[in-house]
2 protein chains.
Amino acid sequence: MPYGDAMNARVRSEERRAEIVRAALEVIAERGYRGASLAAVAERVGLTQQGLLHHFPTKDALLVAVLQERDQWDALPTTRWRMDLLASLVEYNAMRPAIIQTFSALLGESVTEGHPARAYFTERYTRVRASMAEVLRAQYGDRLPNGLTPERTAPLLVAVMDGLQYQWLLDPESVDMPEAFRDFLRLLGED
Amino acid sequence: MPYGDAMNARVRSEERRAEIVRAALEVIAERGYRGASLAAVAERVGLTQQGLLHHFPTKDALLVAVLQERDQWDALPTTRWRMDLLASLVEYNAMRPAIIQTFSALLGESVTEGHPARAYFTERYTRVRASMAEVLRAQYGDRLPNGLTPERTAPLLVAVMDGLQYQWLLDPESVDMPEAFRDFLRLLGED
DNA sequence: TCCGTTACCTGTAGACCGGTAGGTTTTGTT
DNA sequence: AACAAAACCTACCGGTCTACAGGTAACGGA
């Protein structure tokens, strides 16, 4: 069964890579990208640092894989999103602090000079703003109830999501992220 | 002139410390706190790394001084702020990307485990939310035009400011931070 | 003028870091 | 059974990091 076995080998290899990426997500959440050592990631999957470098030749290559997984994760349903689903998304995020923490830490680092994730986030935000504007337009048309255009509202929507995440990560007991986000949506539509 | 000379010595020392803090702000803006080496900060003020450690015994002590300066910077006028001054503040920030970048980078790092600035930011946000609620109450009373309370609106106000900063730092040409913030204020009050 | 303090310096310890070189075991193919 | 490739290891290199130890020169007060 040549095809089957070749497949198994490739599948196993990709599973290993996925394991490593998952571990990298954790370590980055705990220490940021600069603070995340390859050795720490490797240890978490039962490898030596050099064993890890067999699967990802450089640290940056590992980061790329981490960012790609994120893309894959939230790229699929964007066109089918609606306003009410955004609130659900925030609620879902509130149950996954590790992931949120990883990408909040990465976003913070990415504004520094020459950070390997900088281009990624720049492009991602351009994309996300456009996507959000589309969602807003589908819901409200060219003019929101408060007179703003979808294009001018989208950056605010994204800013609220990100900003609330930081406040929530720092002090989950004081900030009810999903509720606050629903408040913002109400601000957009119900006047 | 014993008093005068003693004063001069102390003043000169504090000037040196202030120089170092200023340099640290720059380096942190460029590389984050974890990425900022004492040697890089020292070089910027014409010292060796060990010479710098004479003024700040540890790296964390230097960070504390950086954070204290920030406190001093924005703690004074909080009680006298009004809504319209917030927009001016954002405009002012838009002319000082270095400072914004420093504290955006620090905020991002601070959500990671055991980060030396974590407690600072947690407390700061508690304080800032309360302060913003106060400003909102002074402007609108206990109910905003859209029905929300000042306490529930404050986190949104803070989130928008922070979130817009990240988008703006990553892509200043695509995001008009002051305009977007004014849009948000309009969202709060003019319905 | 003497003397203590402040402001630096050189030297170095000790720990991690990412990455390379090259060998060895495991695994799948033929 | 033979072989090739993939997976993973040990050993190591050069670099960087914070911090400590100890010395020196300048300065200001008595």
Side-chain angles (χ1 to χ4, degrees), chain A residues 1-24 27-28 30-66 109 112-117, chain B residues 1-24 27-28 30-66 109 112-117:
Chain A
M1 210 189 268
Y3 266 15
D5 285 13
M7 205 59 126
N8 281 343
R10 220 177 63 195
V11 164
R12 221 174 315 137
S13 176
E14 298 217 350
E15 263 173 21
R16 202 73 164 123
R17 284 174 55 100
E19 260 185 84
I20 294 170
V21 168
R22 236 174 292 136
V27 176
I28 292 173
E30 290 166 16
R31 323 255 310 159
Y33 175 68
R34 280 201 173 94
S37 72
L38 293 176
V41 176
E43 191 196 17
R44 211 162 288 216
V45 291
L47 279 180
T48 61
Q49 176 235 9
Q50 295 84 346
L52 188 152
L53 283 174
H54 171 73
H55 295 277
F56 298 94
T58 67
K59 192 183 177 185
D60 279 13
L62 177 55
L63 177 61
V64 166
V66 166
E109 277 182 273
T112 61
E113 275 173 24
H115 194 280
Chain B
M1 211 189 266
Y3 266 14
D5 285 13
M7 204 59 125
N8 281 344
R10 220 177 64 196
V11 164
R12 221 174 314 138
S13 176
E14 298 217 349
E15 262 173 22
R16 201 73 163 124
R17 284 174 56 100
E19 260 185 82
I20 294 170
V21 168
R22 235 174 293 136
V27 176
I28 292 172
E30 290 166 16
R31 322 255 309 157
Y33 175 68
R34 278 201 174 93
S37 73
L38 294 176
V41 177
E43 191 197 16
R44 212 161 289 215
V45 292
L47 279 180
T48 62
Q49 176 242 359
Q50 294 86 342
L52 188 153
L53 282 175
H54 170 73
H55 294 278
F56 298 94
T58 68
K59 192 183 176 183
D60 279 13
L62 177 55
L63 178 61
V64 166
V66 166
E109 276 182 274
T112 61
E113 275 173 25
H115 193 280

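Note that the structure is a prediction, hence the values are computed from the model and not measured.
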Quick one: label B:L38 by what it contacts on the DNA or RNA (base, sugar-phosphate, nothing), any heavy atom closer than 4.0 Å. sugar-phosphate
Across all chains, not counting sequence neighbours, the side-chain contact (heavy atoms from CB on, under 4.5 Å) partners of B:S13 are none
Residue pair A:L63, A:F56: steps toward the side chain to side chain contact (heavy atoms under 4.5 Å, CB included) verdict: CA-CA 9 Å; A:L63 177 61; A:F56 298 94; over 6 Å; no
Just how far, in rounded Å, is P of C:dT6 from CD1 of B:I20? 16 Å
Whole-Å gap separating P (D:dT10) and CG (A:L53): 14 Å
Atom CZ of A:F56 and atom P of D:dA7 are separated, to the nearest Å, by 11 Å
Over how many whole Å does the gap from B:E15 atom CD to C:dT6 atom P extend? 18 Å
Do the side-chain N or O atoms of B:S37 get closer than 4.0 angstrom to the phosphate oxygens (OP1, OP2) of D:dT16? no
Report all interatomic pairs (protein N or O, nucleotide N or O of nucleotides 7-10 of chain C) with separations under 3.5 Å.
from	atom 1	to	atom 2	distance (Å)
C:dA7	OP1	B:S13	OG	3.1
C:dA7	OP2	B:H54	NE2	3.3
C:dC8	OP2	B:R16	NE	3.1
C:dC8	OP2	B:H55	NE2	3.1
C:dC9	OP2	B:T48	N	3.0
C:dC9	OP2	B:T48	OG1	2.6

Run B:L47 and B:V41 through side chain to side chain contact (heavy atoms under 4.5 Å, CB included) and show every step you take. CA-CA 9 Å; B:L47 279 180; B:V41 177; over 6 Å; no
Could you tell me whether a side-chain N or O of A:K59 sits under 3.5 Å from a main-chain N or O of A:A36, the two making a donor and an acceptor? yes
In whole Å, I'd like the distance from the CG atom of A:L62 to the C1' atom of C:dG18. 12 Å
Stepwise, does the salt bridge (Lys or Arg N to Asp or Glu O under 4.0 Å) test hold for A:R31 with B:E109? CA-CA 8 Å; A:R31 323 255 310 159; B:E109 276 182 274; over 6 Å; no
Minimum heavy-atom separation for A:Y33 and A:H115, please, with both atom names. CD2-NE2, 3.9 Å
Is A:A42 touching bases, backbone alone, or none of the nucleic acid, heavy atoms closer than 4.0 Å? nothing
Here the distance between atom C1' of D:dT16 and atom NZ of B:K59, to the nearest Å, is 11 Å
Name the pairs: protein N/O against N/O of nucleotides 13-15 of chain D, kept only if under 3.5 Å.
none

Non-neighbouring partners of B:R16 that pass salt bridge (charged side-chain N to carboxylate O under 4.0 Å, His left out), sequence neighbours left out: B:E19
A:R22 with A:E15: basic N within carboxylate O range, under 4.0 Å: no
Rounding to 10 degrees, work out the angle separating the end axes of the helix from C:dT1-D:dA30 to C:dT30-D:dA1 (five pairs an end). 10°
Spacing of CG belonging to A:L62 relative to CG belonging to A:L52, to within rounding of 0.5 Å: 6.0 Å
Residues which pass ring-ring contact (aromatic ring centres under 6.0 Å, His included) with A:H55, listed by chain and number, not counting sequence neighbours: none
Between B:T112 and B:R34, is a side chain to side chain contact (heavy atoms under 4.5 Å, CB included) present by the stated rule, with each step listed? CA-CA 11 Å; B:T112 61; B:R34 278 201 174 93; 3.3 Å; yes
Separation of atom CG in B:L63 from atom P in D:dA19, rounded to whole Å: 12 Å
